[in-house]
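Computed from a prediction, not measured in an experiment: that's the story for all the values here. Whatever order the structure lists ligands and atoms in, that order sets their numbers, starting from 1.
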Amino acid sequence: MMARPWQAPRPLLAIVVTLVALTYQAGKKTFISIQEVPADANYVKDTLQFVMDKYNEESDDKYNFRIFRILKIQKQITDHMEYHFNLEIRRTTCQKLETTNCAPQEGELRKQVMCNFSVFAAPWFEKYKIQKKNCISS
Ligand SMILES: *[C@@H]1O[C@H](CO)[C@@H](O)[C@H](O)[C@H]1NC(C)=O
């Protein structure tokens, strides 16, 4: 039996498509580096400051929140730099413009929020942008 000429290219085409897809993925992967970094690593402090300023600016709460615990910091490098923060933040006794002695609230006003942020960071240009924010209060 003879295969019809137009049937032959199909498996070949599938193989080519798969190869291109694999190559594309492999190519992308080589440009992604994700590593955990400590809180005192370069640029982390400034980026965290930006994140909390933004959080408080956007929050309707009468009081400011601040970082109580840093669970994880990851730095991701592709064609740009991005930080992933896993933070525990708490409502403080400081109202919007106060910045000193901001102790965590206790009693009825106590509030703890777990947040994950993804932040675009170009610290040398003082440019930051929150790309993802996911917070759950407990
Ligand atoms: C934050 O991300 C971690 C995984 O890194 C996940 O376990 C946790 O549930 C996330 N928390 C929130 C508030 O999204």
Side-chain angles (χ1 to χ4, degrees):
M1 277 218 306
M2 241 176 64
R4 297 189 185 182
W6 51 265
Q7 277 180 328
R10 286 197 173 208
L12 188 63
L13 185 65
I15 289 168
V16 169
V17 167
T18 307
L19 277 177
V20 168
L22 285 175
T23 308
Y24 181 65
Q25 270 192 343
K28 271 207 318 200
K29 278 212 184 88
T30 56
F31 292 104
I32 297 181
S33 133
I34 300 181
Q35 63 178 130
E36 201 165 336
V37 294
D40 62 359
N42 275 346
Y43 312 127
V44 168
K45 194 166 160 257
D46 290 347
T47 311
L48 283 172
Q49 184 70 52
F50 168 82
V51 167
M52 285 319 294
D53 287 351
K54 198 81 185 158
Y55 181 92
N56 284 317
E57 196 184 301
E58 288 173 357
S59 155
D60 295 330
D61 206 284
K62 187 173 155 196
Y63 300 96
N64 279 328
F65 282 70
R66 74 172 168 86
I67 297 167
F68 193 74
R69 209 153 52 102
I70 296 171
L71 287 90
K72 197 175 190 180
I73 303 171
Q74 283 180 311
K75 183 165 92 173
Q76 177 183 307
I77 310 251
T78 50
D79 59 334
H80 64 274
M81 184 160 88
E82 218 176 286
Y83 286 101
H84 303 286
F85 297 123
N86 191 338
L87 310 171
E88 177 188 326
I89 64 176
R90 294 214 184 160
R91 180 193 275 141
T92 68
T93 53
C94 285
Q95 296 194 21
K96 290 300 173 184
L97 294 173
E98 294 174 82
T99 52
T100 48
N101 302 320
C102 302
Q105 291 273 9
E106 289 302 337
E108 255 182 35
L109 284 174
R110 180 191 155 96
K111 190 171 181 189
Q112 172 186 319
V113 182
M114 300 304 295
C115 284
N116 284 344
F117 293 97
S118 292
V119 192
F120 169 94
W124 40 91
F125 297 126
E126 283 177 43
K127 208 170 159 226
Y128 305 93
K129 191 168 191 292
I130 293 175
Q131 293 181 311
K132 267 189 238 156
K133 170 183 168 186
N134 191 24
C135 294
I136 299 169
S137 49
S138 52

*Asks:* Tell me whether Lys45 at atom NZ has more than 12 heavy atoms from other residues, nucleotides or ligands lying less than 6.0 Å away.
*Replies:*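 Incorrect, the count does not exceed 12.
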
*Asks:* Is there a side chain to side chain contact (heavy atoms under 4.5 Å, CB included) between Asn116 and His84? Walk through the geometry before answering.
*Replies:* CA-CA 7 Å; Asn116 284 344; His84 303 286; over 6 Å; no

*Asks:* Would a distance-only check, ignoring hydrogens and angles, find a side-chain to backbone donor-acceptor pair under 3.5 Å from Thr47 to Tyr43?
*Replies:*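 Here the side-chain-to-backbone pair exists.
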
*Asks:* Considering heavy atoms of the protein only, find what lies nearest to atom 5 (O) of ligand 1 and give residue, atom and distance to 0.1 Å.
*Replies:* Asn86 ND2, 4.0 Å

*Asks:* Counting only heavy atoms on the protein side, is anything nearer than 4.0 Å to atom 7 (O) of ligand 1?
*Replies:* no

*Asks:* ring-ring contact (aromatic ring centres under 6.0 Å, His included) with Tyr128: which of Phe117, Phe85, Phe50?
*Replies:*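 Among the candidates, only Phe50 passes.
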
*Asks:* Please state which option from Asn116, Leu71, Leu87 has its nearest heavy atom closest to atom 2 (O) of ligand 1.
*Replies:*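 Ranked by closest heavy atom to atom 2 (O) of ligand 1, first place is Asn116.
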
*Asks:* Who's closest to atom 13 (C) of ligand 1 heavy-atom-wise, of His84, Met114, Gln74?
*Replies:* Met114

*Asks:* Which heavy atom of the protein is the closest neighbour of atom 14 (O) of ligand 1, given with residue, atom name and distance?
*Replies:*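 For this ligand atom, the closest protein heavy atom is Asn134 ND2, 2.8 Å.
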
*Asks:* Check ligand 1 against Ile136 and write out every atom of the ligand that is under 4.0 Å from a heavy-atom position of the residue.
*Replies:*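 Taking each heavy atom of Ile136 in turn, ligand 1 has 13 (C) under 4.0 Å.
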
*Asks:* If you count every heavy atom of other residues, nucleotides or ligands that lies below 6.0 Å from Glu36 atom CD, does the total exceed 12?
*Replies:* yes

